Structures are given as C-alpha cells and as structure tokens.
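In this text the structure is predicted, and so the values were computed from the model without any measurement.
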Amino acid sequence: MTIREFKMPDVGEGLTEAEILKWYVQPGDTVTDGQVVCEVETAKAAVELPIPFDGTVHELVFPEGTTVDVGQVIISVNVGGDAPAAPPAPAAPAPAAAPAPEAEAEEPQGRQPVLVGYGVAATSTRRRARKAPAGSAAAPAAVVPEQLNGHGSVTAAAKPLAKPPVRKLAKDLGVDLTAVVPTGPDGIITREDVHRAAAPVTEPAPAVAAPAPTPVQAPVAVTAPVAAGDARETRVPIKGVRKATAAAMVGSAFTAPHVTEFVTFDITRTMKLVEELKADKDLAGLRINPLLIIAKAVLVAVRRNPEINAAWDEAAQEIVLKHYVNLGIAAATPRGLIVPNIKDAHTQTLPELSRSLSELVATAREGKTTPAAMQGGTFTITNVGVFGVDTGTPILNPGESAILAVGAIKLQPWVHKGKVKPRQVTTLALSFDHRLVDGELGSKFLADVAAVLEQPKRLMTWA
C-alpha cells in the first residue's frame, strides 16, 4: 500500500491557516485527480479543495471545524490500489538531536508559488536550524520529551514553541504559554491548546509523555459558553472572514482620513423606470431592481469624475488613477461581510451588469465567493437601505478612495413642481479618502449620482 499525503495549500497569497468547513469524502471512498474533497474557509473566503491524485481515502487527519496551518497534512490517500488498512496508532517521536551551531538546513529563496489543490513544495516547510550564541551550546530546534516536566508543561529552561498568531491569542486570553501542554508536532503549542488552557479546568489533565505527530482536536463549538456555570455569556472565536474584515476596517479607519457627505433627493422617476424595464420583453429573465440603476449611475458619475476612481500608494508616495472600474458590492453572508467586485463593470451594458450582479449575489449567498473575486476592487456600493436604514457613514475598503452607501427608499412628502406631493425619496452617503479626494471632487461625484437617479434619462445623455 502506497500512501500519499495532501497538505493544506495556500489558497490565497499570504494566508497562513484555514478552517475545514466540510468533508465531502470519508475513509474508504475512491477519489480521482481534480475531485473536490473538502471545503475550507480562509480569512478571505470559502474555497473548495481538489485532490491532485487518484486513490482511496486512507485517513482524514482533521475533523470539520478545525483550523489548520498551511502546509499541514489534512488527508492521506492510498494510491497503490490495495485496500486501505486501519490507520496506525500514532507513535511517540524520538528526541531530536541538537544541531551544530554552524549547521543550517537549506532554505528556499523567497516565497514559492503554490497551486491551489496541490499543496506546498517539500522544501517550503524546511527551516533554518537556530544558531546558538557565541560560546554557548547549540539551542534545540524543538521541544523534546525531556524538556517536559511531570505535568506535561514546558520547563523554565525551554522557551515554549508557538507561532505568532498563537502567541497573540494567548496574550489576548491571558494564558501563560509556559504552562500550556503542547500537543502539536515537535512540541508546538496550537490554538486548541491555548483555548483549552483558557477554559476552566473541571478534571485533571492527563500527563503528556510525548507530543503526537498529527493530533486531531475536536472543534470548539462557537455557541458554547466559556465561563463555567454561567450561561449568560457566549464567546465566539474571531476567525475567518470576520477576523480579516475587522483588521481591514481598523486599518482603513486609522490610515485614510475619512470624510462623508450626504444628499437626499427624489428617486421617483428611477423607481418608475425600474417597473418599465421589468415589463420589457427584451429584458425578460433578468433581475431588474433599483440597485442595478444605482450601479449604472455610479459608473456614469465615475466617467464624469475619473479622479474619484483612484488609490493612495503610501510606499511610492503616488496617487494611482484607475482607468477601469471593478465595482464592489458589499454582501452580508453568514460568515460575515464580504465585498466581491464586478471586473471591468464600466464596459458592461445594462443587461450584462444585471447578470453580473445576480451572479455575484447568488455566489455570495452560497458561500462560494473566491478570493480572486474580492481582490482588485476600485469603488464600492453598500446597500444599507435593504435593512430599512436611512443612511450611514461607510468605511472605505482598503485600496479604494470612495464608497457609496444607499439608504432606504421611502414614500415621503416632497415639494414637486411647486406642490407638496408623496414622492419616493432616498439618501446617499459618500465616504472618501481626503488625501486624494477633496471636497469639490467628492461633492461633484455625489451630485452627479443623485442627478442621474433624479432624471434617469441622463443615463443616455451623459453616457
């Protein structure tokens, strides 16, 4: 029996971990090259992973709900054609010999590209051996069983091994890493170890003789209260899309000086146009709604005010003017807020834009939005009106100069042709980066969007 291992790939440039959401196969199932075996969630999106070879599933190393580092084995497959044997019990690893101070393992130069579904190259996980200070003995590369005390924790003589995200988690939870029982490969402390140490102890923890090579930790239920005996609070781990969104929004809020302007106007004619387009036989089968016309109005306003479609390059100290519009649409999903974008939306006709919007929304609701679909946006629309909200002050998407919030469309008394009449009224809010968009440019752009929606015939006269 020949066993091949499939490792967690880097499904997005720079990502270090992903959570296994769902397994599509079980031990004993036959798989073929390119077959999707699981779905994982990264900090950017949910992604399906294909297996890169044929065979029979031998073992699923991690259960659903487990967060796995990039490069770790997640599934093994018997490619020799024999019936898979029962997975052997993990054996305790032998203590690693301390490397010589001058000895170094080969390290690849730079970051190696990773093909989704085919794992990382074998050399990408090799690390340099740590050099000892001059005149001292070589430092051990990893915690070995002799460095564990009788309670399974690391002795004071050995620095606990943990990756930076795990160290930050421990700091946030107030956990002393030197008192944590490591269960990861080579004595590395995992996120589950930290969460377990932070939870109240209800029974003595068993002593650890040696770290297991491939531990399988049960996922932490997000609905389980952390505080023992107190069900009035629930703590939910911050991870995946929500974690990435939080970091991006904090970075945006404290990097780009935000300015927000508002305009309230009569959108009755646009609402009438929507009803007329719905009845048009040439548009049969297409989703026609106010957001479609608003998106088209934004594209017209960008064409009239191209400097609004830009980015601030801090490193180069340059303003980057974009001659294309990748139109982002904020979408609320069960995994958090995401902003996929329609590539080259400025080139699309109204029917094409309708299809793109429908596909974008459907994909987001299914949780199938890819990382590529959320990269490269130049301008974003967020429709808070669907929640009955009048307006808001949206935060810029990183790398963009402006974002438009669309408020609820309501029937209100409005002065129309010299008389107070019930009209459809809405409010738009435009937030922009004041480093590259001044008040004049922001005001002109927002006024143009409102003007198109007040008189939608301008979609033709201004295009």
Nearest 0.5 Å please: distance from the [atom1] atom of [X] over to the [atom2] atom of [Y].
X      : Y      : atom1 : atom2 : result
Gln348 : Leu353 : CD    : CG    : 5.5 Å
Ile75  : Lys7   : CD1   : NZ    : 15.0 Å
Ile338 : Thr369 : CD1   : OG1   : 3.5 Å
Thr378 : Leu321 : OG1   : CG    : 11.5 Å
Asp280 : Ile288 : CG    : CD1   : 8.5 Å
Leu357 : Arg287 : CG    : CZ    : 9.5 Å

How far apart are the closest heavy atoms of [X] and [Y], and which atoms are they?
X      : Y      : result
Thr30  : Gln35  : O-OE1, 3.7 Å
Ile308 : Val437 : CD1-CG1, 3.7 Å
Thr66  : Glu192 : CG2-OE2, 4.2 Å
Cys38  : Ile74  : SG-CD1, 4.3 Å
Ala331 : Ala364 : CB-CB, 4.0 Å
Met374 : Asn341 : C-ND2, 3.7 Å

I want to check something: taking the side chain as every heavy atom from C-beta on, are [X] and [Y] in contact at a cut-off of under 4.5 Å?
X      : Y      : result
Ile329 : Val339 : no
Ile403 : Ile395 : no
Phe6   : Ile51  : yes
Phe445 : Val298 : yes
Leu277 : Leu350 : yes
Pro182 : Leu161 : no
Arg435 : Glu314 : yes
Leu60  : Pro27  : yes

ring-ring contact (aromatic ring centres under 6.0 Å, His included) evaluation trace for Tyr324 with Phe379:
CA-CA 10 Å; Tyr324 58 92; Phe379 188 97; over 10 Å; no

Decide, yes or no, whether a salt bridge links Glu400 with Lys322 under the criterion of side-chain N to carboxylate O below 4.0 Å.
no

Should we count [atom1] of [X] as having more than 12 external heavy atoms under 6.0 Å?
X      : atom1 : result
Lys368 : NZ    : yes
Arg303 : CZ    : no
Glu359 : CD    : no

Would you sort out whether Ser401 and Asp433 count as a side chain to side chain donor-acceptor pair (under 3.5 Å), showing the intermediate values?
CA-CA 5 Å; Ser401 64; Asp433 186 341; over 6 Å; no

Is there a donor-acceptor pair closer than 3.5 Å between any side-chain N or O of Asp54 and the backbone N or O of Asp33?
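Yes, because the side chain of Asp54 sits within donor-acceptor range (under 3.5 Å) of the backbone of Asp33.
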
